[in-house]
Amino acid sequence: MKFPQLCLILLSITSQVAFHADQTAYAEDQNELYETSVKPLLKSRCFACHGALKQEASLRLDTVPSMLKGGDSGPAIIAGDASTSMILERISAADDSIRMPPEGEPLTAEQIEHIKTWITLGAAAPADDLPEEDPRDHWAFQRIVRPELPVVDSIGESRNP
């Protein structure tokens with residue numbers, strides 16, 4: 001093998017390794033943006049109406065797949081296209097009758113920008129992103145069930161009737 005061919009092969013391998021390293025860092029940056037800025041914001045301002053307990057307009061915002069699926073009005077987000085994402089339209093609306101969240105102060109420009117950036121970058125989330133647990137599933141809210149009696153070999157060994 002000649003030296004120029006070897007250089008081309010090494011250059012190709014090096015660029016592919018660098019590309020994959022950049023992609024991994026890029027995905028980690030997106031996940032970090034989602035975990036540190038977007039999800040906590042959605043949890044504090046949106047989950048009360050669009051979480052596990054309640055889904056106004058059939059919309060859940062507690063996971064990215066549920067945002068992509070959307071609700072009665074269609075998908076809440078279009079990954080990579082913030083300008084057509086319904087969530088961005090609703091959180092930045094000037095009209096109070098359609099602005100989300102309907103109660104409290106509107107989201108700040110910085111908060112809206114975090115969501116817009118995250119959607120524009122592809123709306124990535126960690127693979128282990130789980131939906132919010134339904135509070136009704138907590139053990140304290142489950143019906144009490146009498147356990148089955150254990151089977152004993154000999155009644156004499158039992159201390160209880």
Side-chain angles (χ1 to χ4, degrees), residues 20-21 23-93 95-161:
H20 289 295
Q23 291 296 91
T24 302
Y26 180 69
E28 288 172 4
D29 289 346
Q30 282 187 310
N31 289 344
E32 184 178 341
L33 177 62
Y34 177 70
E35 291 283 337
T36 61
S37 298
V38 176
K39 188 152 187 174
L41 175 62
L42 295 174
K43 185 175 185 173
S44 68
R45 299 299 305 275
C46 305
F47 285 11
C49 295
H50 301 287
L53 196 54
K54 191 170 155 185
Q55 296 91 41
E56 293 287 332
S58 304
L59 176 63
R60 284 188 76 156
L61 297 175
D62 56 348
T63 64
V64 174
S66 63
M67 288 185 245
L68 291 167
K69 179 183 173 196
D72 296 343
S73 299
I77 61 171
I78 308 294
D81 188 5
S83 64
T84 60
S85 292
M86 181 72 68
I87 193 170
L88 207 59
E89 181 181 317
R90 298 299 295 271
I91 63 176
S92 58
D95 183 359
D96 287 343
S97 66
I98 62 169
R99 179 188 50 84
M100 291 290 150
E103 290 92 27
E105 293 294 316
L107 298 181
T108 66
E110 182 182 14
Q111 292 169 326
I112 293 170
E113 190 60 34
H114 284 303
I115 293 172
K116 182 178 181 179
T117 302
W118 171 71
I119 293 170
T120 302
L121 292 175
D128 61 352
D129 186 35
L130 299 173
E132 183 183 41
E133 288 186 31
D134 189 334
R136 296 172 293 204
D137 291 339
H138 190 273
W139 67 267
F141 299 113
Q142 302 305 308
R143 183 178 293 285
I144 296 174
V145 179
R146 182 179 292 276
E148 290 192 29
L149 295 174
V151 178
V152 291
D153 293 333
S154 169
I155 299 288
E157 293 178 13
S158 176
R159 293 190 216 165
N160 296 316

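Just so you know, these numbers use all the heavy atoms, side chains as well, and skip hydrogens, waters and symmetry mates. What you see is a predicted model, and the numbers here were worked out from it, not measured in a lab. Sequence positions, counted from 1, serve as the residue numbers for this chain.
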Applied to residues 141-150, the salt bridge (Lys or Arg N to Asp or Glu O under 4.0 Å) test, sequence neighbours excluded, yields none
Contacts of Y34 meeting ring-ring contact (aromatic ring centres under 6.0 Å, His included) (sequence neighbours excluded), chain-then-number -> W118
When rounded to the nearest 0.5 Å, the distance separating NZ of K39 from CG of D62 is 6.5 Å
For E132 and G51, the nearest pair of non-hydrogen atoms, with its separation, is OE1-CA, 3.5 Å
Here the gap from L33 atom CG to I119 atom CD1, rounded to the nearest 0.5 Å, amounts to 10.5 Å
Q) Quick check: does any side chain N or O of Q142 sit under 3.5 Å from a backbone N or O of H138, one acting as donor and the other as acceptor? A) yes
Sorted by chain and residue number, the side-chain contact (heavy atoms from CB on, under 4.5 Å) partners of Q111 (sequence neighbours excluded) come out as L41, L107, T108
Distance col, row I87:CD1 vs C46:SG, nearest 0.5 angstrom, shows 5.5 Å
Q55 meets the side-chain contact (heavy atoms from CB on, under 4.5 Å) criterion, sequence neighbours left out, with R60
Residue pairs meeting salt bridge (Lys or Arg N to Asp or Glu O under 4.0 Å), one or both in residues 99-116, sequence neighbours left out, come to D96-R99
Residues passing the salt bridge (Lys or Arg N to Asp or Glu O under 4.0 Å) test with E133, sequence neighbours excluded, are none
Residues L59 and G71: closest non-hydrogen pair is CD1-N, 3.9 Å
Closest non-hydrogen atoms of L68 and P75, given as atom of the first, atom of the second and distance, are O-CB, 3.3 Å
For I98, the side-chain contact (heavy atoms from CB on, under 4.5 Å) test, sequence neighbours excluded, returns R90, A93, D95
So salt bridge (Lys or Arg N to Asp or Glu O under 4.0 Å) across residues 63-88, not counting sequence neighbours, yields none
For A82 and T120, the nearest pair of non-hydrogen atoms, with its separation, is CB-OG1, 3.5 Å
Output for pair (I115 CD1, L42 CG), nearest 0.5 Å, gives 5.0 Å
Salt bridge (Lys or Arg N to Asp or Glu O under 4.0 Å) filter on R136, not counting sequence neighbours, yields D134
Hits for side chain to side chain donor-acceptor pair (under 3.5 Å) against D137, two or more places apart or cross-chain, chain-then-number order -> none
G122 and A79 have their tightest heavy-atom pair at O-CB, 3.4 Å
Quick note, salt bridge (Lys or Arg N to Asp or Glu O under 4.0 Å) partners involving residues 45-54, not counting sequence neighbours, are K54-E56
By side-chain contact (heavy atoms from CB on, under 4.5 Å), T63 pairs with (sequence neighbours left out) P65, S66, D129, P131
Output for pair (H50 NE2, M67 CE), nearest 0.5 Å, gives 11.5 Å
